[in-house]
Amino acid sequence: MTEEIIIAGFGGQGVLSMGKILAYSGIMQNQEVSWMPSYGPEMRGGTANVTVVLSDERISSPIINSYDTAIILNQQSLDKFEATVKPGGLLIYDPNGITHYPSRKDINIYSIEASEEAGKLGLAKVFNMIVLGGFLKLKPLVKPEFIHKGLEKSLPARHHKLIPENEKAIDIGKTLIKAVHLV
Amino acid sequence: MKELKLMKGNEAVAEAAIRAGCDGYFGYPITPQSEIMEYLMYQDPQKTTGMVVLQAESEVAAINMVYGGASCGKKVMTSSSSPGISLKQEGISYIAGAELPCLIVNIVRGGPGLGTIQPSQSDYFQSTKGGGHGDYRLIVLAPSSVQEMADFAGLGFDLAFKYRNPVLILGDGVIGQMMEKVELDEFKPRWTEEEIRRNTPWSTMGKLNNRERNIITSLDLDSHKQEKHVAHLRDKYLEIEKNEVRYEEFQCEDAEYLIVAYGSSARISQKAVELARAKGIKVGLLRPITLFPFPKKPLLNYVGKIKGILTVEMSLGQMIEDVKLAVECKVKVEHFGRFGGIIPTPDEVVVALEKQIIGG
Amino acid sequence: MSDIVTKEQIRRPENLVYSKTKLLTDKALSYCPGCGHGTAHRILMEVIEELNAQEITIGIAPVGCSVLAYEFMNIDMQQAAHGRAPALATAVKRLMPEKIVFTYQGDGDLAAIGTAETIHACNRGENITIIFINNGIYGMTGGQMAPTTLPNMKASTCPYGRDVTTMGNPLRMTELVAQLPGVHFVTRQAVHTPSAVRKAKKALRKAFDLQKENKGLTFVEIVSNCNSGWKMTPVQSNKWMEENMFPFYPLGDIKVDGQLVK
Ligand SMILES: Cc1ncc(C[n+]2csc(CCOP(=O)(O)OP(=O)(O)O)c2C)c(N)n1
Ligand code: SF4
């Protein structure tokens with residue numbers, strides 16, 4: 001099994017840390033992982049993205065141009081990455097701020113109202129975990145116990161008290177994910 | 001058991017250096033490698049292993065701090081990215097001339113000039129042909145994974161002390177910024193003064209009564225002596241070429257075509273090999289791990305067995321010259337590259353292979 | 001209702017109280033919102049405009065957040081390697097003494113990697129103006145310690161605060177160069193309030209006037225904020241600057257007419 005994922009949105013939306021938690025959980029589950037971010041001043045307030053690969057085998061390229069899954073959190077990223085999803089692949093987006101919706105017919109498209117729900121529940125800090133929950137509902141690549149371990153490993157010890165809140169957000173995300181178009 | 005961590009390449013080389021018993025790091029911030037010094041400052045190894053970490057006022061100062069530390073037989077290192085490495089060249093030349101061991105990390109970005117902070121491999125010539133003035137070579141290690149960033153810190157120090165020669169780890173923005181799983185070595189204690197005196201009898205740790213004074217210099221005004229010294233350097237480099245060639249082959253057994261690529265380009269090319277094989281193209285990948293010494297013989301062995309070689313580099317084509325020399329121009333060799341901070345995609349590599357080598 | 005002014009009325013030329021100097025391009029500034037670089041650019045270009053000197057001014061941009069100054073300043077500009085701006089400026093001025101030449105440099109550029117170039121250009125008394133933006137941090141590269149970082153102040157390469165016993169004390173470059181005979185006018189300013197901006201602009205004007213009189217090197221430090229690097233909001237950062245930076249880097253003239261101010 002190899003899963004190639006792009007996560008993209010604004011800097012500050014927790015794009016990089018979502019990828020990191022996913023990657024760390026993969027390691028805990030004894031998989032090979034790679035995490036390749038966009039970097040540099042272009043990220044100041046601008047867009048941020050990260051490519052995460054989880055695999056049972058040695059990972060060849062950490063840089064890829066087509067993905068099994070795209071997790072999209074703003075319009076710029078949707079415009080940029082919709083075309084890069086492999087035919088039959090998965091696109092998840094948060095409709096908040098989206099004006100031009102995805103239009104491909106050869107991929108599975110889901111939406112998740114994560115930012116709205118996070119706002120309502122006062123969970124803005126773990127918004128990214130809601131999105132991750134939605135993804136894991138559709139593709140349960142890592143088991144919850146390994147997500148727990150991944151959170152433990154990727155959060156500094158002083159933030160470990162926030163792990164339950166993160167896990168709760170993941171569970172909420174699982175209930176929010178909605179199919180928009182299926183092939 | 002070895003410790004498993006998810007780390008950036010930049011963090012891995014820093015952590016591995018602490019664990020390898022590094023005595024000192026001297027650097028100056030520059031993207032995309034600032035995490036090396038930031039990580040070291042955060043870990044604060046002075047409190048645990050006693051390793052010194054210092055932010056210098058410039059790359060020129062940093063490399064000269066390395067010169068001073070290395071003269072004392074200490075395991076010292078510096079890191080930078082292309083524009084900063086250019087500034088260090090004078091110091092590197094002195095260090096090579098004085099035959100001092102040290103570790104230098106270059107996380108290459110696109111140039112020339114201030115260029116871009118995005119990944120590139122355009123410092124190949126500078127790294128493998130000397131870089132500064134004079135007849136000298138660095139041992140150049142080209143990691144293609146975060147694990148190798150960690151492994152090459154220890155290996156780099158070992159080779160540096162074995163040959164009394166500076167070792168360069170040549171990475172790029174991809175290798176520095178990406179996170180992967182790493183297995184970290186156990187902590188090796190730093191050498192004690194007694195060990196340093198034993199392991200590096202040439203070092204300037206203070207003249208004891210039982211030996212002559214030691215002098216570290218790269219100067220010899222007597223040309224005959226200087227010629228001898230340079231000949232000695234040549235013999236050392238030949239010895240290194242004999243002993244230290246490292247490379248990796250991927251799907252080469254039945255290959256009709258070969259891709260040669262190092263560092264992150266090798267990762268992209270490995271994926272390209274997978275894609276091409278799925279199309280029925282028999283192609284393999286040879287990845288030089290040491291760029292000096294370059295795997296000349298292994299490449300020459302392919303002459304007569306393959307129909308063509310594509311070199312993939314994030315540059316206008318620099319390593320291709322060594323590949324052509326290695327196969328003595330008996331095989332068609334073509335270059336494919338993106339540059340200026342653009343990373344080629346595996347698909348582009350396959351297209352280049354089809355157009356430039358198979359079709360061409 | 002006649003006393004309510006409409007948008008159209010406001011926009012009439014006679015109601016215009018301010019317009020952007022033509023010496024700033026229309027390119028949107030790449031600085032973080034709240035950063036002092038933008039204001040410093042503006043008053044610098046206003047002064048060049050007031051001097052009617054667009055055609056004879058050459059600016060040298062550094063490496064730092066203001067590396068792109070040439071995108072915003074509508075004059076001929078050169079972009080130097082990190083720290084080397086005073087060397088470029090020296091040559092430009094020596095080869096074309098009738099021109100106005102300035103460098104615009106951050107603290108890392110001017111007071112770390114470029115210390116030698118700065119001190120020697122000052123010591124030679126080059127007839128140039130050095131504008132020194134001191135924000136106590138390396139903004140461009142993501143908030144590392146600068147030579148001017150305050151004691152105990154946190155930065156990414158001093159995450160536990162600057163420990164002066166191992167990392168050195170903050171360098172008051174401006175006081176240092178003021179000691180050199182070749183330096184004619186030295187002042188320290190800020191641009192975080194309207195009155196500070198007015199003073200800073202006057203200081204810049206004076207520096208360029210003196211350059212035209214061939215008086216020697218003129219040096220204008222502007223203590224500024226780096227809200228991104230300091231990890232504060234712009235408002236917080238200005239307050240922090242007043243409370244922490246100004247006591248260490250007091251504002252005012254340091255050398256006037258070649259004489260140190262007591
Ligand atoms: C030779 C060299 N070394 C390092 C760098 C990386 N670098 C770019 S800007 C900078 C520091 C900028 O700080 P400062 O001068 O204080 O300006 P600011 O960004 O805060 O305005 C550094 C170290 C470089 N470009 N060239
Ligand atoms: S990083 Fe700091 S100095 Fe640079 S533009 Fe932002 S606030 Fe200004």
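Sequence lines set the chain letters: A, B, ... in the order given, protein chains first and strands last, and positions in each chain run from 1.
The candidate with the highest count of non-hydrogen atom pairs below 4.5 Å against chain B, out of A:Glu32, A:Met28, A:Arg58, is A:Arg58. Ranking B:Met179, B:Lys271, B:Gln270 against chain A, the residue ahead of the rest is B:Met179, based on heavy-atom pairs under 4.5 Å. If you tally non-hydrogen atom pairs under 4.5 Å between each of B:Pro344, B:Pro119, B:Ser269 and chain A, the highest count goes to B:Pro119. Ranking B:Ala266, B:Ser144, B:Gly173, B:Ala272 against chain A, the residue ahead of the rest is B:Gly173, based on heavy-atom pairs under 4.5 Å.
No more than 12 heavy atoms of other residues, nucleotides or ligands sit less than 6.0 Å from atom NZ of A:Lys137. Atom NZ of B:Lys282 has 12 or fewer heavy atoms from other residues, nucleotides or ligands within 6.0 Å. For A:Lys125, the NZ atom counts as loosely surrounded, since its 6.0 Å shell holds 12 or fewer non-hydrogen atoms of other residues, nucleotides or ligands. Within a 6.0 Å radius of NZ in A:Lys86, more than 12 heavy atoms belonging to other residues, nucleotides or ligands are found. Within 6.0 Å of the CG atom in A:Asn30, the count of heavy atoms belonging to other residues, nucleotides or ligands does not exceed 12. Summarising the local packing, CZ of B:Phe250 is surrounded by more than 12 heavy atoms from other residues, nucleotides or ligands at distances under 6.0 Å.
In this structure, A:Ile64 CD1 and B:Ile343 CD1 are separated by 11.5 Å, a value rounded to the nearest 0.5 Å. Atom CG of A:Asn65 sits about 10.0 Å away from atom CD1 of B:Ile268, to the nearest 0.5 Å. In this structure, OG on A:Ser66 lies 8.0 Å from CG on B:Leu275, to the nearest 0.5 angstrom.
Neither the backbone nor the side chain of B:Glu348 comes within contact range of chain A, judged by heavy atoms closer than 4.5 Å. Both the backbone and the side chain of B:Lys5 come within contact range of chain A, judged by heavy atoms closer than 4.5 Å.
Side-chain atoms of A:Tyr39 never come within 3.5 Å of backbone atoms of B:Thr31 as a donor-acceptor pair (strictly under, hydrogens ignored). For the pair B:Lys181 (side chain) and A:Gln31 (backbone), a donor-acceptor distance under 3.5 Å is present.
Heavy atoms only, all atoms of each residue included: B:Met178 and A:Pro37 are closest at CA-CD, 4.2 Å.
A:Lys20 has its side chain within reach of B:Leu6: a pair of non-hydrogen atoms, C-beta onward, lies under 4.5 Å apart. A 4.5 Å side-chain heavy-atom check between B:Arg267 and A:Ile59 finds at least one atom pair inside the cut-off. Within the 4.5 Å cutoff, the side chain of A:Trp35 has no heavy atoms near those of the B:Met7 side chain.
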